[in-house]
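Predicted model, so just to flag it, every value in this text is computed and none were measured. Every chain is numbered from 1, with letters handed out A, B, ... down the list of sequences.
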There are 2 protein chains.
Amino acid sequence: MKSSQDRLNDIVDKLRENGCRITPQRVAIIKTFLQSDEHPSIERVYEQVKVNFPTTSLATVYKTVNLLKEIDEILEIGFADGRNRYDGNKPYPHPHLICTKCKAIMDPDISLLDQLTTEVAQASGYRILSHQLEFFGICPDCQKK
Amino acid sequence: MKSSQDRLNDIVDKLRENGCRITPQRVAIIKTFLQSDEHPSIERVYEQVKVNFPTTSLATVYKTVNLLKEIDEILEIGFADGRNRYDGNKPYPHPHLICTKCKAIMDPDISLLDQLTTEVAQASGYRILSHQLEFFGICPDCQKK
DNA sequence: ATACATGCAAAACATTTGCATAAGA
DNA sequence: TCTTATGCAAATGTTTTGCATGTAT
């Protein structure tokens, strides 16, 4: 398992490779993703970054998030209501388990998923590039309330 | 397998049960969903309905789609870019296979999915209410081009 | 020095809402 | 008749864009 510091360096290197400049805002946004385990929304990242960097604009957060998405260093979790959320720690497709009450997102372990992808590819003739699997339900805490 | 006419009647009955009125606009919108196998977007439904009902407004399409969603007679397929699409023929959660080039959506058959849901529920303690599974790839036709 | 990134404000989008009018039951 | 639905326009919320200024390299 890579340390957060190593992953920060990797992302910074990848940005440089793509001809991008390393600005304090970008570093702050990346750090926010790496230090968060809550799958933050854009707005949430914006709030966090402003704590240490009050002049940062929302537009810059959007631009940086799109950049990180393009170089596959964060994963976008699409919500039907438009409030997308992001995962900077596991930027590859993986399932999510979302509590519809408190909006918590966790990453369940699923063994069967790769088989499933292969099955679909063979049956359909599609070249599968990516997938998205979300479970919606009520988390143990919210069930008690 | 139910005929399209039967399903139209079922939906109309369900609307009545919920105290809703049956307007020509609503019938036209429902028919558009039932006659389409392309998982249409709101905009697409609007265009289709206007062919036979030119005065229909986009707001009415939105309101009716939300209504049908609430009574579980259409399924919303969430897209990260905000352009959601809908399935009126199979209004229960099921996987989709989406071509990222031509945006076609098809419904692959998957045997393992129920097992998978049970697995996640047991391991996490969540009460799973719904799920969403999308595969993204290139369809056979687009691979040739 | 010279691109590129930032921050602001305006624009672009999709969706929702308020309200007067039309129309189902 | 009486309540709900429609259609328009305005409002909302999110994301993108244009551009002058600032800054990384």
Side-chain angles (χ1 to χ4, degrees), chain A residues 8-9 11-32 40-71 73-74 76-86 103, chain B residues 8-9 11-32 39-47 49-71 73-74 76-86 103:
Chain A
L8 176 60
N9 289 337
I11 297 174
V12 164
D13 287 346
K14 199 160 179 183
L15 282 174
R16 267 197 250 270
E17 282 166 29
N18 282 270
C20 298
R21 291 178 179 169
I22 309 307
T23 64
Q25 291 92 330
R26 283 180 177 170
V27 173
I29 292 166
I30 297 167
K31 277 186 178 169
T32 300
S41 64
I42 294 269
E43 203 66 35
R44 194 89 192 78
V45 173
Y46 179 50
E47 286 165 16
Q48 280 304 112
V49 170
K50 277 210 296 189
V51 171
N52 296 312
F53 227 95
T55 63
T56 309
S57 75
L58 190 50
T60 295
V61 178
Y62 273 103
K63 285 168 191 164
T64 302
V65 164
N66 282 335
L67 187 57
L68 294 171
K69 215 165 62 181
E70 273 160 35
I71 64 170
E73 289 297 345
I74 57 172
E76 186 173 51
I77 309 173
F79 274 65
D81 68 357
R83 280 175 198 93
N84 292 345
R85 290 168 66 177
Y86 299 86
K103 310 292 178 197
Chain B
L8 176 60
N9 289 337
I11 297 174
V12 165
D13 288 346
K14 199 159 176 182
L15 282 173
R16 269 198 249 271
E17 282 166 29
N18 282 267
C20 299
R21 290 180 181 169
I22 309 307
T23 64
Q25 291 91 332
R26 282 180 180 170
V27 174
I29 291 165
I30 296 166
K31 277 186 178 168
T32 301
H39 305 78
S41 64
I42 293 268
E43 205 66 35
R44 196 89 190 78
V45 173
Y46 178 50
E47 285 165 18
V49 169
K50 277 210 294 190
V51 172
N52 295 312
F53 227 95
T55 63
T56 308
S57 75
L58 190 52
T60 296
V61 178
Y62 273 104
K63 285 169 191 164
T64 302
V65 165
N66 282 336
L67 187 56
L68 294 170
K69 216 165 61 181
E70 273 160 35
I71 64 170
E73 290 296 345
I74 58 172
E76 187 171 53
I77 309 172
F79 275 64
D81 68 358
R83 279 173 198 94
N84 293 343
R85 289 169 67 176
Y86 299 86
K103 308 293 178 196

Within this structure, what is the OG1-CD1 distance for the pair B:Thr64 and B:Ile29, rounded to the nearest 0.5 Å? 3.5 Å
Looking at B:Arg26, does any N or O in its side chain come under 4.0 Å of the phosphate oxygens OP1/OP2 on C:dG24? no
Pairing residues for A:Lys103 by the salt bridge (Lys or Arg N to Asp or Glu O under 4.0 Å) criterion, not counting sequence neighbours: none
For the pair made of NZ in B:Lys50 and C1' in D:dG7, what is the distance, rounded to whole Å? 12 Å
Any B:Ser57 side-chain N or O less than 4.0 Å from OP1/OP2 of D:dC8: no
For A:Val61 against A:Tyr46, the heavy-atom pair lying closest together: CG2-CD1, 3.9 Å
Which nucleotide in D:dT4, C:dA5, D:dT6 has an atom nearest any side-chain atom of B:Arg21: D:dT4
Residues two or more places apart in sequence or in another chain: which of them pass salt bridge (Lys or Arg N to Asp or Glu O under 4.0 Å) with A:Arg83? A:Asp81
Think A:Thr23 has a side-chain N or O under 4.0 angstrom from the OP1 or OP2 of C:dC4? no
Figure out the CD1/C1' separation between A:Ile30 and C:dA5, and round it to whole Å. 14 Å
Send over the distance from B:Asn84 CG to C:dT15 P, rounded to a whole Å. 6 Å
To the nearest Å, give me how far apart CZ (A:Arg16) and C1' (C:dA3) are. 16 Å
How many whole angstroms separate atom CG of A:Leu67 from atom P of D:dT16? 13 Å
Mapping B:Ile42 and B:Cys20 to their closest nucleotides on DNA chain C, which lands nearer the 5' end? B:Ile42
Separation of D:dT6 atom P from B:Ile22 atom CD1, nearest Å, is 10 Å
A:Val45/A:Tyr86 under side chain to side chain contact (heavy atoms under 4.5 Å, CB included): CA gap, chis, key distance, verdict: CA-CA 9 Å; A:Val45 173; A:Tyr86 299 86; 5.9 Å; no
Determine, stepwise, if the pair A:Leu8 / A:Lys31 fulfils side chain to side chain contact (heavy atoms under 4.5 Å, CB included). CA-CA 7 Å; A:Leu8 176 60; A:Lys31 277 186 178 169; 3.8 Å; yes
So, is B:Gln25 close to the D:dG7 phosphate, meaning a side-chain N or O under 4.0 Å from OP1 or OP2? yes
B:Tyr46 OH to C:dT15 P, straight-line distance once rounded to whole Å: 14 Å
Quick test of your reading: applying salt bridge (Lys or Arg N to Asp or Glu O under 4.0 Å), list the pairs with at least one residue in residues 13-23 of chain A, sequence neighbours left out, ordered by first then second residue. A:Lys14-A:Glu73
Could you list, one pair per line, each protein nitrogen or oxygen that sits under 3.5 Å from a nitrogen or oxygen of nucleotides 16-18 of chain C, together with the distance?
unit_1	atom_1	unit_2	atom_2	d
C:dT16	OP2	B:Asn66	ND2	3.2

At what distance, to the nearest 0.5 angstrom, does CG of A:Leu68 lie from CD1 of A:Ile30? 5.0 Å
With respect to the phosphate group of C:dG7, does any side-chain polar atom (N or O) of A:Thr55 fall under 4.0 Å of OP1 or OP2? yes
Candidate nucleotides C:dG7, D:dT4, D:dA24, ranked by approach to the side chain of A:Thr56 - the nearest: C:dG7
Specify the angle, to 10°, made by the local axes at the two ends of the helix from C:dA1-D:dT25 to C:dA25-D:dT1 when five pairs are taken at each end. 40°
Specify the separation, in whole Å, of atom CD of B:Glu43 and atom P of C:dA14. 7 Å
Between CG of A:Asn66 and CD1 of A:Ile42, what distance do you get to the nearest 0.5 Å? 7.0 Å
How would you list all residue pairs meeting salt bridge (Lys or Arg N to Asp or Glu O under 4.0 Å) that involve residues 41-69 of chain A, not counting sequence neighbours? A:Glu38-A:Arg44, A:Arg44-A:Glu47, A:Lys69-A:Glu76
